[in-house]
Enquirer: 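First the structure, which I've put down as structure tokens, then a few questions once you've had a look.
Order of appearance sets the numbers: ligands from 1, and atoms from 1 within every ligand.
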Amino acid sequence: MYAQMVKSTGTGLKSADEMSAEERAFQARIDAGEKIEPKDWMPEGYRKTLIRQIGQHAHSEIVGQLPEGNWITRAPTLERKAILLAKVQDEAGHGLYLYCAAETLGVSRDEMTEMLLDGRMKYSSIFNYPTLSYADVGTIGWLVDGAAICNQVPLCRTSYGPYGRAMIRVCKEESFHQRQGFELLMTMMRGTDEQRAMVQESVDRFWWPALMMFGPPDDDSPNTAQSMAWGIKRDTNDDLRQKFVDMTVPQAEVLGVTLPDPGLVWNEERGHHDFTQPDWEEFRAVIGGEGPCNAQRLAHRQRAHEQHEQEATA
Ligand code: BYC
């Protein structure tokens, strides 16, 4: 039901024999590590895949302001309020760079917004979960921005020039966001028993949705093979999820929180942590519109859009 207009791949890779001469030449440029620029020839599927991914990414940055924005008026100190305001403003900026990158592919920001509002485009599943305590601001910085960094640093090397260049600045800012989240949680962990309990409760709620951010398992990911062949994605969903788990475990130890997975153990042979998969049924429900905050997030986005339209015509 989603993203029909921007449906791109998922139909299997073409062999060199099945490609047109133009497609073969394009693939050769990708394989040689060349960047593709807006005026270059590109297969329609490549263009659509980028519009789908960059558009979804831009929408995620914009909608992603809402869970944390919920706490701006209730930040515990002036300093925390200033930090949170700056972070949320950064997310708005990321959305704008990404809409600009997508616009170079011949789709306008207005069209992408329409597609978000009528359900043809998505935003990240993670933003359909509520922020119930101030500790969630720290946990989003630590785990959600941490997952975003794992996913987005390789995208600085994506084959489409405008997307890769936008990602360089986004990643620098996301690194700052991740550190501020960790610092906030560390401050709370050095506080009272009640504050430590708030942090643990928050981490318990966000751990599984953070793992889902990387997308479905590779065997169940219709877009990965083609996106990797085109150099749009540089790593598979499962590889990035594993990287995130391996990166996060030592940080959790420093913080003194427990990650809520009894199956999380170091596997000497693999040189990685084993871990339990999140509930993929829940993931499908959330991206299908059934998450705890889907309706609220889209209603908010719709209101902001209508308000903007009214102001523009006033
Ligand atoms: N949520 O074939 P797959 C941030 C969809 S914002 C929702 O693996 P693909 C931040 C997928 O779209 C971070 N949908 O797809 C902001 C596809 O459906 P369609 C946002 C998901 O594209 C504010 C279907 O499932 N980051 O950090 O190859 C505050 C099958 O999946 C999700 C990005 O957008 C999901 N989690 O790989 C704080 C990164 N996962 O479209 C922080 C850029 C999958 O065919 N995007 N789906 O109908 C990507 O790297 C890739 O698009 C994904 C998915 C890895 C997410």
Side-chain angles (χ1 to χ4, degrees), residues 1-11 48-69 84 87-95 98 101-102 115-116 119-129 131 136-137 139-155 158 163 166-167 170-171 173-178 180-181 206 209-230 232-241 244 278 280 282-289 291 294 297:
M1 135 187 167
Y2 278 106
Q4 290 307 310
M5 263 184 70
V6 286
K7 200 77 207 159
S8 38
T9 56
T11 49
K48 285 187 169 176
T49 297
L50 283 167
I51 292 174
R52 180 180 63 76
Q53 179 166 325
I54 304 173
Q56 172 169 327
H57 195 161
H59 297 324
S60 304
E61 301 282 358
I62 297 299
V63 177
Q65 294 173 91
L66 298 175
E68 289 171 283
L84 183 55
K87 181 187 190 276
V88 171
Q89 282 174 356
D90 283 353
E91 310 298 357
H94 298 174
L98 288 161
M115 288 195 266
L116 170 70
R120 282 174 294 158
M121 281 183 102
K122 298 187 174 78
Y123 56 89
S124 180
S125 51
I126 190 76
F127 303 118
N128 290 309
Y129 292 86
T131 42
D136 289 355
V137 171
T139 308
I140 289 180
W142 177 44
L143 292 181
V144 175
D145 287 281
I149 293 167
C150 275
N151 167 272
Q152 292 173 21
V153 166
L155 291 175
T158 191
Y163 190 23
M167 290 317 301
V170 170
C171 285
E173 292 177 353
E174 298 290 22
S175 300
F176 155 71
H177 295 169
Q178 201 253 3
Q180 73 78 35
F206 272 96
L211 292 182
M212 294 175 196
M213 286 175 70
F214 296 93
D218 294 350
D219 290 349
D220 207 15
S221 163
N223 299 298
T224 292
Q226 181 65 75
S227 285
M228 299 272 291
W230 276 332
I232 294 174
K233 283 167 81 165
R234 291 293 180 186
D235 302 274
T236 73
N237 301 354
D238 284 334
D239 284 351
L240 291 174
R241 196 169 4 255
F244 171 69
W280 291 115
E282 176 181 319
F283 170 76
R284 275 187 283 276
V286 170
I287 67 172
N294 291 61
R297 301 290 185 238

Enquirer: Could you tell me, atom by atom, which parts of ligand 1 come under 4.0 Å of a heavy atom of I287?
Expert: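 Answer, ordered by atom number: 1 (N), 7 (C), 14 (N), 25 (O).
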Enquirer: I'd like to check whether S227 has a polar contact with ligand 1, where a contact means an N/O of the residue lying under 3.5 Å from an N/O of the ligand.
Expert: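 No, there is no polar N/O contact under 3.5 Å.
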Enquirer: Does the side chain of Y123 reach to within under 4.5 Å of the side chain of N294, using non-hydrogen atoms?
Expert: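 Yes, at least one pair of side-chain atoms sits under 4.5 Å.
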Enquirer: As a check for students: among Q56, K233, K122, identify the option with a heavy atom nearest to atom 12 (O) of ligand 1.
Expert: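 Shortest heavy-atom distance from atom 12 (O) of ligand 1: Q56.
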Enquirer: Select one of side chain, backbone, both or neither to describe which atoms of V286 lie under 4.0 Å from any atom of ligand 1, heavy atoms only.
Expert: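 Near ligand 1, V286 shows nothing, with every heavy atom at 4.0 Å or more.
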Enquirer: Side chain or backbone of M212 under 4.0 Å from ligand 1, or both, or neither, by non-hydrogen atoms?
Expert: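 Under 4.0 Å from ligand 1, M212 contributes backbone atoms alone.
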Enquirer: Should D218 and T224 be marked as a side chain to side chain donor-acceptor pair (under 3.5 Å) after you check the CA-CA gap, both sets of side-chain angles, and the distance that decides it?
Expert: CA-CA 7 Å; D218 294 350; T224 292; 5.0 Å; no
Enquirer: Does the pair Y129 and F206 meet the rule for a ring-ring contact (aromatic ring centres under 6.0 Å, His included), with working shown?
Expert: CA-CA 8 Å; Y129 292 86; F206 272 96; 7.1 Å; no
Enquirer: Given side chains that start at C-beta, do those of S124 and Q56 come closer than 4.5 Å, heavy atoms only?
Expert: no
Enquirer: Closer than 4.0 Å to some heavy atom of E68 - which atoms of ligand 1 meet that?
Expert: 29 (C)
Enquirer: Donor-acceptor check, side chain of D90 to backbone of E173, threshold 3.5 angstrom: yes or no?
Expert: no
Enquirer: Under 4.0 Å from a heavy atom of N237: give me the atoms of ligand 1 that qualify, with their elements.
Expert: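 Ligand 1 atoms under the 4.0 Å threshold to N237: 8 (O), 55 (C).
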Enquirer: Nearest 0.5 angstrom please: L240 CG to N151 CG, how far?
Expert: 6.0 Å
Enquirer: Counting each atom of ligand 1 from 1 as listed, which ones have a heavy atom of A148 under 4.0 Å away?
Expert: 27 (O)
Enquirer: Taking 4.0 angstrom as the limit and counting only heavy atoms of S221, give me the atoms of ligand 1 inside it, by number and element.
Expert: 2 (O), 3 (P), 8 (O)
Enquirer: Go through ligand 1 atom by atom and flag the ones less than 4.0 Å from a non-hydrogen atom of P216.
Expert: 8 (O), 30 (C), 31 (O), 44 (C)
Enquirer: With respect to F214, determine whether any N or O atom, backbone or side chain, lies less than 3.5 Å from an N or O atom of ligand 1.
Expert: no
Enquirer: Measuring only between side-chain heavy atoms, which start at C-beta, is E174 closer than 4.5 Å to E91?
Expert: yes
Enquirer: Which atoms of ligand 1 have any heavy atom of Q152 under 4.0 Å away?
Expert: 13 (C), 26 (N), 27 (O)
